[in-house]
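Report on the structure given below.
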Number of protein chains: 2
Amino acid sequence: MNTKRPAASQAQGTAMPVRVDAQRNAARVLAAARRAVASAGLDVSYHEIAREAGVGVGTVYRRYPERDKLMAAVLSDILTELIATAHQGLDCDDAWEGFSLLFTGLALRTAQNAGLSGSLDQHGGPAVAQRRHELLDLARRVIERAQDQGRLRRDLAWQDVLRLTGAPAVQGCVLGLEPDPAHGHHFVLTVLLDGLRAG
Amino acid sequence: MNTKRPAASQAQGTAMPVRVDAQRNAARVLAAARRAVASAGLDVSYHEIAREAGVGVGTVYRRYPERDKLMAAVLSDILTELIATAHQGLDCDDAWEGFSLLFTGLALRTAQNAGLSGSLDQHGGPAVAQRRHELLDLARRVIERAQDQGRLRRDLAWQDVLRLTGAPAVQGCVLGLEPDPAHGHHFVLTVLLDGLRAG
DNA sequence: GAACAAACGGACAGATTGTGTCCGCTAATG
DNA sequence: CATTAGCGGACACAATCTGTCCGTTTGTTC
């Protein structure tokens, strides 16, 4: 593996640093890709990402010649946030509060990234898989702790509890009532948490 | 407005009946469209529908020269089922049981037709809008009856309760746990209903 | 079973959308 | 100021969808 720096300048020993505009654009592209993927799924076109980032297509292709790499970066980015949330949940003294935090965090982020639905396990390669595993492990601990302390109903496996975090992400039902995410997610969460609480 | 029968044979007075193969294909196309829309949304291509129906594209275009008409037929078909479910719910003696029936029915059908998410209110024209209104009215009555009898929590508007029916439709969460609809819908429903029950 | 036309299938042309490359230009760096 | 990494976006190619047309099949009638 090698960095993206061209070999030429290194061979010269010039050690020319990465140009600042290049760094800025790299950041823009990644951020844009996150936004684009969140709303349109993993199939967004490179043009769409470029437009979102305010750069030319060429720039996106230069930075990420392979689609997989870009998506892996996006997924990794999302996972980082999710893992942080899980840690917060585990650090809570109160088991229910911790679980509630985790659940809410996962649910809201799932909703934000509704576009990618369940594609996290298929893409991104081993690095992403590893982090995903880490997250799952943290979540399992938060859930089982709450169950052990009798705060969370025990008749659901931790995987099933996690699956529930997808529920608030749904935009609408067949009936076509307008979504209203701000208010929407909140009451779905309320009902779900009430349904999950033990006793 | 005219039927699709060609004017010629009517003018002759021959009263040639619609050919049986035509009737059969019409049914196939509609059924295929329902399946296709359910899984791929209202944007399915005519080719896709034709393949699903096992007929040529020409047949689909001949039957439904305008996309809107086809989609209206599909939506109308779905609504018919939903309305029947709502009536069942209203006919139940027990208010909670009736509500539970309605909620489950709506949720499962929403899940089956996940592809069309919230597009029912935008498409289909006035006829569909009318039936949708009818359905909403029935649902409201079922919900309010359950609330009046103190079986369903009162802190949610009936629209919000209906919005919740979309929740089990979610395929997965960001974590990418495999969907498993058969088992999946069931426990989401369980938790939701427990969260909705009063007391 | 012969004759007629309704209905069919699918090839095909045109439009739209996405992919990936190339090259003239811009501007960061030293 | 000279050098060149990096940029933008036009462009060629590919894939997909739309809608039509016409030779062939098949239901219906006599």
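Protein chains get the first letters and strands the later ones, always in sequence-line order, with residue 1 at the start of each. Because only heavy atoms are used, hydrogens play no part in the values below, and waters and symmetry mates are left out as well, while side chains stay in.
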Examine D:dC7: is either OP1 or OP2 under 4.0 Å from a nitrogen or oxygen in the side chain of A:Asn25? Give yes or no.
yes
Any Lys/Arg nitrogen of B:Asp21 or B:Arg24 sitting under 4.0 Å from an Asp/Glu carboxylate oxygen of the other?
no
Using 4.0 Å as the upper bound for N to carboxylate O, is an ion pair formed by B:Asp148 and B:Arg145?
no
How bent is the helix from C:dG1-D:dC30 to C:dG30-D:dC1, comparing axes over its five end pairs at each side, to the nearest 10°?
30°
Please state whether the phosphate of C:dC8, meaning OP1 or OP2, lies under 4.0 angstrom from any side-chain nitrogen or oxygen of B:Arg63.
yes
Which side-chain N or O atoms in residues 78-89 of chain A pair as donor and acceptor under 3.5 Å with protein atoms at least two apart or in another chain?
unit_1	atom_1	unit_2	atom_2	d
A:Thr80	OG1	A:Ser76	O	2.9
A:Thr80	OG1	A:Arg131	NH1	3.1
A:Thr80	OG1	A:Arg131	NH2	3.2
A:Glu81	OE1	A:Arg109	NH1	2.9
A:Glu81	OE2	A:Arg34	NH1	2.9
A:Thr85	OG1	A:Glu81	O	3.1
A:His87	ND1	A:Ile83	O	3.4

Can you check the B:Ile49 CD1 to D:dC17 C1' distance for me, whole Å?
12 Å
Would you mind reading off the distance between A:Arg28 atom CZ and D:dC7 atom P, rounded to a whole angstrom?
11 Å
What pairs of residues pass the salt bridge (Lys or Arg N to Asp or Glu O under 4.0 Å) test when at least one of them lies in residues 93-108 of chain B, not counting sequence neighbours?
B:Asp94-B:Arg151
Quick one: A:Gln23 CD to D:dA5 P, roughly how many Å, whole number?
16 Å
Tell me which pairs pass salt bridge (Lys or Arg N to Asp or Glu O under 4.0 Å) where either residue lies in residues 35-45 of chain B, with sequence neighbours left out.
B:Arg35-B:Glu52
Return the value, rounded to whole Å, for the distance between atom CZ of A:Arg24 and atom P of C:dT29.
11 Å
Sole candidate of B:Leu196, B:Thr190, B:Leu192 that passes side-chain contact (heavy atoms from CB on, under 4.5 Å) when paired with B:Asp194:
B:Thr190
Produce a footprint string for nucleotides 16-27 of chain C: one letter per nucleotide, 5' end first; B if the base is under 4.0 Å from any protein heavy atom, S if only the sugar-phosphate is, - if neither.
--SBBB------
Could you work out, with ring pair (Phe, Tyr, Trp, His ring centres under 6.0 Å) as the rule, every residue matching A:Phe103, not counting sequence neighbours?
A:Phe99
Check whether any side-chain N or O of B:Thr59 sits under 4.0 Å from OP1 or OP2 of C:dA7, and answer yes or no.
no
Which heavy atom of B:Tyr46 sits nearest to which heavy atom of B:Arg67, and what is that distance?
OH-CA, 3.4 Å
